[in-house]
Every structure is written in C-alpha cells, then in structure tokens.
Asker: 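To start, I am sharing the structure in question, which I have written as structure tokens.
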Amino acid sequence: MNTTLEGLSLQVTDINQSLAFYSRIPGAVVEEQRADQFARVRIGDGVIHLVNVGGKKGFHLEFNAENLNEAHEQLETAGLAPSRPQHHPWGKTEFRLTDPDGNVLEFGTFEG
C-alpha cells in the first residue's frame, strides 16, 4: 500500500483574507469553501485546507518549483511580495513568502 500526502491544514484567522492570498498563487484552484469556517485550495497535486480556529498558529510549507525565477516573477506579478532568491551551500535555491497569518511558504529548487 502506498501512502501519499493529501494535503495540509493551516489554522487561519480569516478565511476570506487567506483565500485572497492563496488564490493568487499561479495554478491555485479553490475547490471548496464553507462560509468563514473552511476552504480547500488545490495547487498542482497538493491541497491546502484553510481552517478558521480563531487563533494564530504557524506553519512552514515547502514547494518545489521547476523554474524558480518564473515562479518568483509570477508571484510578484500577482501582487505578492516574495523575498529575493537565495542559494544555499547544500545546493538549494529558494525564496520565501509569508501569508497574512504568518505562515511561511518556501519555493525552491535543487541543483542536479
């Protein structure tokens, strides 16, 4: 039996504000929304669940990007504010983006 990650739930304080943020990521599709309680956003093969629990919690999400420069440009064009890409000694180049609830999204690619 294979096990795959269906998605990740983020605890957010405002579903509409979070949906406005996540729906601007290129390729994002809002699949479901339940008033101010829950939303499901598909990004490629992965799913993020946004759950309003009334308190702030934080997560760090990692996304692989085939073309990191293009992803960075698309996020900027969408009105988001990604950090400048950084190259790390272990062969990864990445940039980060923070959502309205302080969750960190890391977009990266590995050499080779």
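Scope of the values below: all heavy atoms of this structure, side chains included, with no hydrogens, waters or symmetry mates.
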Asker: Return a table of donor-acceptor pairs under 3.5 angstrom between the side chains of residues 68-86 and protein atoms on other chains or two or more places apart.
Answerer:
| unit_1 | atom_1 | unit_2 | atom_2 | d |
| --- | --- | --- | --- | --- |
| His72 | NE2 | Ser83 | O | 2.8 |
| Thr77 | OG1 | Glu73 | O | 2.9 |
| Ser83 | OG | Arg96 | N | 2.8 |
| Ser83 | OG | Arg96 | O | 3.4 |

Asker: Between Leu50 and Val30, is there shared hydrophobic-cluster membership here, with clusters defined by ILVMFWY side-chain heavy atoms closer than 4.5 Å?
Answerer: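 Both belong to a single hydrophobic cluster.
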Asker: Under a plain distance cut-off of 3.5 Å, with no hydrogens placed, do Asp101 and Gln17 share a side-chain donor-acceptor pair?
Answerer: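 No.
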Asker: According to a hydrophobic-cluster definition based on side-chain heavy atoms being under 4.5 Å apart (Ile, Leu, Val, Met, Phe, Trp, Tyr only), do Leu105 and Leu8 belong together?
Answerer: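 Per the 4.5 Å side-chain linkage, Leu105 and Leu8 are co-clustered.
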Asker: Under the 3.5 angstrom rule, does the side chain of Asn52 hit a backbone N or O of Asp14 as a donor-acceptor pair?
Answerer: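 No; zero donor-acceptor contacts below 3.5 Å.
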Asker: Just how far is it from atom CD1 of Ile48 to atom CD1 of Ile25, taken to the nearest 0.5 Å?
Answerer: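 Ile48 CD1 to Ile25 CD1: 6.0 Å, rounded to 0.5 Å.
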Asker: How far apart are the C-alpha atoms of Leu61 and Asn103, what are their side-chain angles, what is the distance that settles it, and do they pass the side-chain contact (heavy atoms from CB on, under 4.5 Å) test?
Answerer: CA-CA 8 Å; Leu61 306 171; Asn103 297 303; 5.7 Å; no
Asker: For the CD atom of Glu106 and the CG atom of Leu97, what is their distance to the nearest 0.5 Å?
Answerer: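 Atom-to-atom, Glu106:CD and Leu97:CG are 11.5 Å apart.
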Asker: Verify side-chain contact (heavy atoms from CB on, under 4.5 Å) between Thr109 and Asn67, making sure each step is shown before the conclusion.
Answerer: CA-CA 8 Å; Thr109 188; Asn67 185 324; over 6 Å; no
Asker: Can you give me the closest heavy-atom contact between Ser23 and Ala20, atom names plus distance?
Answerer: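 Closest pair (atom of Ser23, atom of Ala20, distance): OG-O, 3.5 Å.
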Asker: Not counting sequence neighbours, which residues clear ring-ring contact (aromatic ring centres under 6.0 Å, His included) with Tyr22? List them please.
Answerer: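 Per chain and number, Tyr22 pairs via ring-ring contact (aromatic ring centres under 6.0 Å, His included) with no residue.
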Asker: Can you name the one residue among Leu10, Val29, Leu19 that meets side-chain contact (heavy atoms from CB on, under 4.5 Å) with Val41?
Answerer: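 Exactly one candidate clears the test, Leu19.
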Asker: What is the distance from atom CD of Glu94 to atom CZ of Phe107, rounded to the nearest 0.5 Å?
Answerer: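 So the CD of Glu94 and the CZ of Phe107 are separated by 11.0 Å.
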Asker: Out of Arg42, Arg40, His49, which residue meets the side chain to side chain donor-acceptor pair (under 3.5 Å) rule with Glu32?
Answerer: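 So, applying the side chain to side chain donor-acceptor pair (under 3.5 Å) to Glu32 and each of Arg42, Arg40, His49, only Arg40 qualifies.
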Asker: Heavy-atom count check: over 12 atoms from other residues, nucleotides or ligands less than 6.0 Å from Glu31 CD?
Answerer: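 Counting neighbours around CD of Glu31, more than 12 heavy atoms of other residues, nucleotides or ligands fall under 6.0 Å, so yes.
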